[in-house]
Colleague: 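Questions regarding the structure given below will be posed in turn.
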Amino acid sequence: MDFGQYLDVFVAECRELLESLNLSIVELERSADAAPQVIDEIFRVAHSLKGVSSTMGFERMAGLTHEMEHLLDIVRAGGMSVDQDLITLLLGCLDLIEAAVDGIESNREEGIDP
């Protein structure tokens, strides 16, 4: 099935989710007290991005967001703390996802190698 007709909707949805992801990561960096709720929100956004990217056949983006979910599960279980290294890693993921969406929008290629 050709999902090309849905590409504009996909890109718009991803942009909205990326904005939410960016705001949540900034909030996480500002306030460790909000960590559990913000981690849940970041997980939710990563899960949504994984679902839409997988549905559209963008497996690199889906794989990256799946790994984000896995990492956030570790944080939720207490196996990793919220620190600057985690923030930096999440921001790196955000940058890669943004690059993937830019590539998808311009030439239908993810253009990333997570």
Side-chain angles (χ1 to χ4, degrees):
M1 178 177 227
D2 179 22
F3 288 106
Q5 64 185 353
Y6 302 110
L7 197 60
D8 290 340
V9 174
F10 168 78
V11 168
E13 170 112 11
C14 286
R15 299 259 185 240
E16 287 177 25
L17 291 167
L18 285 166
E19 183 177 337
S20 175
L21 185 59
N22 186 43
L23 292 172
S24 293
I25 294 170
V26 168
E27 184 179 347
L28 185 63
E29 187 172 32
R30 285 187 188 153
S31 174
D33 294 336
Q37 298 87 350
V38 178
I39 291 293
D40 287 345
E41 177 62 16
I42 294 169
F43 183 93
R44 185 195 66 75
V45 173
H47 184 74
S48 295
L49 283 165
K50 180 183 77 174
V52 297
S53 59
S54 182
T55 298
M56 292 292 290
F58 298 114
E59 294 306 319
R60 290 179 179 174
M61 192 169 140
L64 174 60
T65 52
H66 176 76
E67 290 302 321
M68 285 178 70
E69 286 179 323
H70 178 70
L71 175 66
L72 294 166
D73 273 338
I74 293 169
V75 173
R76 286 170 157 178
M80 176 184 248
S81 62
V82 175
D83 60 13
Q84 193 55 48
D85 288 340
L86 177 65
I87 301 296
T88 300
L89 184 58
L90 292 172
L91 288 170
C93 290
L94 174 68
D95 290 345
L96 279 173
I97 296 166
E98 286 178 338
V101 173
D102 289 345
I104 291 165
E105 183 176 37
S106 65
N107 62 14
R108 294 184 179 214
E109 294 289 330
E110 294 166 277
I112 62 168
D113 186 9

Colleague: Do you know the tightest heavy-atom contact between Ala35 and Val82?
Modeller: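 So the minimum-distance heavy-atom pair works out to CB-CG2, 4.0 Å.
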Colleague: With a 4.5 Å cut-off on side-chain heavy-atom distances among I, L, V, M, F, W and Y, is there a chain of contacts connecting Leu89 to Met61?
Modeller: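 In one cluster with Leu89: Met61, yes.
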Colleague: Rounded to the nearest 0.5 Å, what separates atom CG in Leu91 from atom CG in Leu96?
Modeller: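 Output value for this atom pair is 11.5 Å.
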Colleague: Check Val38 against Ser24 and note the closest heavy-atom contact, atom names and distance.
Modeller: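 Between these two residues, the closest heavy atoms are CG1-O, 3.1 Å.
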Colleague: Roughly how far, to the nearest 0.5 Å, is OG1 of Thr65 from CZ of Phe58?
Modeller: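 Reported to 0.5 Å precision, the distance equals 13.0 Å.
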Colleague: Does Ser31 reach the main-chain N or O of Glu27 with its side chain, forming a donor-acceptor pair under 3.5 Å?
Modeller: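 No, Ser31 side chain to Glu27 backbone: no donor-acceptor pair under 3.5 Å.
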Colleague: Quick one: does Glu98's side chain have a donor or acceptor within less than 3.5 Å of a partner on Leu18's backbone?
Modeller: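 The answer is no, because no donor-acceptor pair under 3.5 Å joins these two groups.
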Colleague: Please name the pair of heavy atoms, one in Met80 and one in Leu71, separated by the smallest distance, quoted to 0.1 Å.
Modeller: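 So the two residues come closest at SD-CD1, 3.3 Å.
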Colleague: For the CD atom on Glu59, are there more than 12 heavy atoms of other groups (residues, nucleotides or ligands in this structure) within a distance under 6.0 Å?
Modeller: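 Buried by this count: over 12 neighbours within 6.0 Å.
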Colleague: Grouping I, L, V, M, F, W and Y whenever their side-chain heavy atoms are under 4.5 Å apart, do Leu72 and Ile74 come out in a common cluster?
Modeller: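 Looking at the clustering, Ile74 is in the same group as Leu72.
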Colleague: What distance do Asn22 atom CG and Leu90 atom CG have between them, rounded to the nearest 0.5 Å?
Modeller: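 Asn22 CG to Leu90 CG: 11.5 Å, rounded to 0.5 Å.
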Colleague: Show which side-chain atoms of residues 39-49 pair as donor or acceptor with protein atoms under 3.5 Å away, not counting sequence neighbours.
Modeller:
from: Asp40; atom 1: OD1; to: Arg76; atom 2: NE; distance (Å): 3.0
from: Asp40; atom 1: OD1; to: Arg76; atom 2: NH2; distance (Å): 3.1
from: Glu41; atom 1: OE1; to: Arg44; atom 2: NE; distance (Å): 3.2
from: Glu41; atom 1: OE2; to: Ser20; atom 2: OG; distance (Å): 3.3
from: Glu41; atom 1: OE2; to: Arg44; atom 2: NH2; distance (Å): 2.7
from: His47; atom 1: ND1; to: Glu69; atom 2: OE2; distance (Å): 2.6
from: Ser48; atom 1: OG; to: Arg44; atom 2: O; distance (Å): 3.1

Colleague: Looking at CD1 of Ile97 and CG of Leu17, how far apart are the two atoms once the value is rounded to the nearest 0.5 Å?
Modeller: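 Separation between the atoms: 9.5 Å.
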Colleague: Anything under 3.5 Å between a donor and an acceptor, one on a side chain of residues 8-15, the other on a protein residue two or more places apart or in another chain? List them.
Modeller:
from: Arg15; atom 1: NH1; to: Asp102; atom 2: OD1; distance (Å): 3.0
from: Arg15; atom 1: NH2; to: Asp102; atom 2: OD1; distance (Å): 2.8
from: Arg15; atom 1: NH2; to: Glu105; atom 2: OE1; distance (Å): 2.7

Colleague: To the nearest 0.5 angstrom, please state how far the CZ atom of Arg60 sits from the CD atom of Glu109.
Modeller: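 Answer for the CZ-CD pair, Arg60 versus Glu109, is 8.5 Å.
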Colleague: According to salt bridge (charged side-chain N to carboxylate O under 4.0 Å, His left out), does anything in residues 81-96 pair up with another residue at least two apart or in another chain? List the pairs.
Modeller: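 Sorted result for residues 81-96: empty, none.
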Colleague: Between atom CG of Leu64 and atom OG of Ser53, what is the distance when rounded to the nearest 0.5 Å?
Modeller: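 Between Leu64 CG and Ser53 OG, I get 9.0 Å after rounding to 0.5 Å.
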